[in-house]
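Just below is one structure, and these are the notes that go with it.
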Amino acid sequence: MENKGYGAHVLALPYPSQGHINPMLHFSKRLGSKGLRATFATTHFIYKTFQPEPSESVQFDTISDGYDEGGFYQSESIHDYLTRLEDNGSKTVANLIMKYKELGHPIDCLVYDAFLPWALDVAKQFGLVAVSFFTQACAVNFIYYYVHHGLLKLPVSSTPVSIPGMPLLELQDLPSFVYDNRSYPAYFEMVLRQFYNTDKADWLVVNTFYKLEAEVVDAMSKICPLFTIGPTVPSKYLDNRVKNDDRYGLNLFTLESSINIINWLDTKPAGSVVFVSFGSMANLSNKQMEELALGFKGSNYYFLWVVRASEEAKLPKTFVEDIGEKGMVVNWCPQMEVLSHKAIGCFFTHCGWNSTVEALSLGVPMVGMPQWTDQTTDAKFVQDVWKVGIRVKVDENGIVGREEIEFCIREVMEGERGREMKENAIKWKGLALEAISEGGTSDKNIDEIVSKLIH
Ligand code: UDX
């Protein structure tokens, strides 16, 4: 690539999963659109399998996670994957830094996902500016910070839990790794390790916007200074006057024809469709899939349901054939395009942080059905802090039944409560746009980082 006289060269290193790649990619594009040279490094496997769309503001490069043929799915365990990612990642990030130096485009700054704290050591070894990128909600990070620093002792012995800037939290509102800290020990260790070397980072940036989590941001900033830089969604969808390059993230699943999906939505009245997605990782039981299927059918609303190919066999037999015009089931869709379609009335979501922020940024109210990790805390905030949705109730067998599903959909789609949630969602949409527009809180924070890098 020719030297276009960029101010500085930033290397962005996401954690290699869908929910971490999207926000880091959009953040990199924003840095790129502000005049920095941005190189986005994902794993060999992801790059060659999913081939990112070329972008005007970032270039792509690769590192190795030690599983160049199959990525995470080739590994024996989460622990095994994380260990090899660290070993191979450290070496290959160092190689990239040396490569760009030889090419005459030396890297000045490494922006790395906070799940990869070893990247900070690599950055410092080469004298680079290090920016730790916290992908999840500030509230979730502050809870992990509390646990890491022994301010919240585990197992949690009394509830509700009180953490500054947050409503009182019951057990089920904490991230699942905290209330059930034995089920995924390797992931739990990883989320706590985010904080072991943050004092050496030059900046901590959090994928949220100030007004969305103002009280938490203020409380956490007092002990751990941070910058809000979100929402990391393509601003094109928020306001087409905002100059931004391309629309899509990097899909790790085969995208179905968006023309078919959008054509189907075009035939539906405004606000009449429930959009359903559980993100890239959720693994629901057969019984739960059946209840969902019957609940959506029973609600009598149109629905567009993303069921990943690996989950499809869990659908009741002949369900897809039987739903006719009422529903559409797809394996993966352009989620931002769908959420911004006027036919969508409600998002039935697992409350992954990206999905939550995307819905908030587009003014779509939600039914939250969290599964694990940070989603439980996000769902608490969706219902009780931002008041843009409701959280489903789980029965004594751990299932969300069809009647509950129908009830929650009606609550959001109809009546006074539904109207209030929609109004609140529209308010957050405006505030999200404000944050990333010129002079907004996130935009100013990004400008500050950029100005320190440009020399
Ligand atoms: C994971 C965790 O589960 C989540 O809780 C965490 O905050 C980030 O990492 P994931 O479960 O995939 O992510 O959920 P989410 O954070 O919502 O990210 C999914 C992304 O995939 C979103 O950006 C969404 O727009 C995109 N997506 C999803 C599509 O583009 N198409 C789809 O059909 C479904």
Side-chain angles (χ1 to χ4, degrees), residues 14-27 29 46 50 52-53 72 78 113-116 133-141 143-144 174-178 184 187 190-191 194 206-208 230-234 237 246-258 260-262 265 275-284 303-312 328-341 344 347-362 364 366 368-382:
Y15 178 81
S17 75
Q18 182 72 75
H20 289 247
I21 283 177
N22 278 359
M24 180 71 95
L25 182 55
H26 294 306
F27 181 57
K29 285 180 178 174
I46 287 178
F50 303 105
E53 298 202 16
F72 177 76
I78 297 164
D113 193 294
F115 280 9
L116 313 173
F133 182 96
F134 285 80
T135 298
Q136 299 178 336
C138 194
V140 169
N141 290 309
I143 296 170
Y144 292 147
L174 293 164
S176 69
F177 300 146
V178 173
Y184 290 95
Y187 279 148
M190 178 180 76
V191 297
Q194 295 184 99
V206 186
N207 180 24
T208 188
T232 49
V233 295
Y237 287 104
D246 31 11
R247 298 135 60 109
Y248 300 120
L250 165 54
N251 285 296
L252 306 194
F253 299 86
T254 310
L255 197 61
E256 297 217 4
S257 159
S258 56
N260 288 349
I261 297 170
I262 301 305
L265 288 173
F275 172 51
V276 188
S277 170
F278 291 90
S280 63
M281 299 173 89
N283 177 7
L284 289 89
F303 62 90
L304 169 63
W305 186 2
V306 178
V307 180
R308 298 192 320 276
S310 57
E311 297 280 287
E312 230 174 351
M328 186 174 198
V329 174
V330 297
N331 290 148
W332 195 253
C333 75
Q335 183 161 300
M336 285 296 288
E337 206 165 334
V338 167
L339 280 173
S340 57
H341 196 286
I344 300 298
F347 185 18
F348 199 104
T349 169
H350 68 315
C351 292
W353 183 236
N354 297 291
S355 294
T356 304
V357 172
E358 289 162 11
L360 283 160
S361 304
L362 294 169
V364 181
M366 291 169 253
M369 184 168 147
Q371 300 297 297
W372 68 318
T373 167
D374 56 336
Q375 297 154 17
T376 36
T377 310
D378 301 342
K380 166 74 177 169
F381 276 64
V382 163

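All ligand and atom numbering here is 1-based and tracks the order in the structure.
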Looking at the rings of Trp305 and Phe348, which for Trp means the six-membered one, are their centres under 6.0 Å apart? no
Nearest-contact summary for atom 17 (O) of ligand 1 - protein heavy atom, Å: Ser355 OG, 2.5 Å
At what distance is the nearest protein heavy atom to atom 14 (O) of ligand 1, and which residue and atom is it? His350 NE2, 2.9 Å
Which of the atoms of ligand 1 are close to Ser277, meaning less than 4.0 Å from one of its heavy atoms? 34 (C)
Proximity of Asn251 to ligand 1 by residue part, where a heavy atom lies under 4.0 Å: side chain
Are any of the side-chain heavy atoms of Glu311 and Leu284 separated by less than 4.5 Å? yes
Asn207 side chain to Gln136 backbone, donor-acceptor under 3.5 Å: no
Numbered in order shown, the ligand 1 atoms found under 4.0 Å of a heavy atom of Val306 are 33 (O)
To check your reading of the model: name the closest protein heavy atom to atom 13 (O) of ligand 1, its residue, and the distance in Å. Gly19 CA, 3.5 Å
When you compare ligand 1 with Pro334, is there at least one nitrogen or oxygen pair between them that comes in under 3.5 angstrom? no
At under 4.0 Å between heavy atoms, what of Met336 touches ligand 1? The answer is neither
Could you tell me the separation between the CG atom of Asn141 and the CH2 atom of Trp353, rounded to the nearest 0.5 Å? 9.5 Å
Could you tell me whether ligand 1 has any atom less than 4.0 Å away from a heavy atom of Asn22? yes
Any side-chain donor paired with an acceptor under 3.5 Å for Gln335 and Ser355? yes
Could you tell me whether Phe72 atom CZ has more than 12 heavy atoms of other residues or ligands within 6.0 Å of it? yes
Mark up the atoms of ligand 1 that fall under 4.0 Å of a heavy atom belonging to Gln136, in ascending order. 6 (C), 7 (O)
Considering only protein heavy atoms, which is closest to atom 23 (O) of ligand 1, and at what distance to one decimal place? Glu358 OE2, 2.6 Å
A student checking ligand 1 against Gly352 at a 4.0 Å heavy-atom cut-off should list atoms 4 (C), 5 (O), 14 (O), 15 (P), 16 (O), 17 (O)
Would you say that Val178 contacts Tyr144 through its side chain, given a criterion of any heavy-atom pair below 4.5 Å between the two side chains? yes
In terms of atom number and element, which parts of ligand 1 are under 4.0 angstrom from non-hydrogen atoms of Ser280? 10 (P), 11 (O), 12 (O)
What is the closest protein heavy atom to atom 2 (C) of ligand 1, and at what distance does it sit? Gln375 NE2, 3.9 Å
Return the closest protein heavy atom for atom 1 (C) of ligand 1 as residue, atom name and distance. Met281 SD, 4.0 Å
Report yes if the side chains of Lys380 and Leu174 come closer than 4.5 Å at any heavy-atom pair, otherwise no. no
Out of curiosity, Gln194 CD to Thr135 OG1, how far, rounded to the nearest 0.5 Å? 8.0 Å
Which is it for Asn354 and ligand 1 at heavy atoms under 4.0 Å: side chain, backbone, both or neither? both
Short list, please: which atoms of ligand 1 are under 4.0 Å from a heavy atom of Gln18? 21 (O)
Worked check of side-chain contact (heavy atoms from CB on, under 4.5 Å) between Thr373 and Met281: CA-CA 11 Å; Thr373 167; Met281 299 173 89; over 6 Å; no
Hey, what do you get for CG (Asp378) to OG1 (Thr356), rounding to the nearest 0.5 Å? 4.5 Å
Starting from atom 33 (O) of ligand 1, what is the nearest protein heavy atom, named by residue and atom, and what distance separates them? Cys333 N, 2.8 Å
Quick one: look up the protein heavy atom nearest atom 7 (O) of ligand 1 and list residue, atom name and how far away it is. Asp374 OD2, 2.5 Å
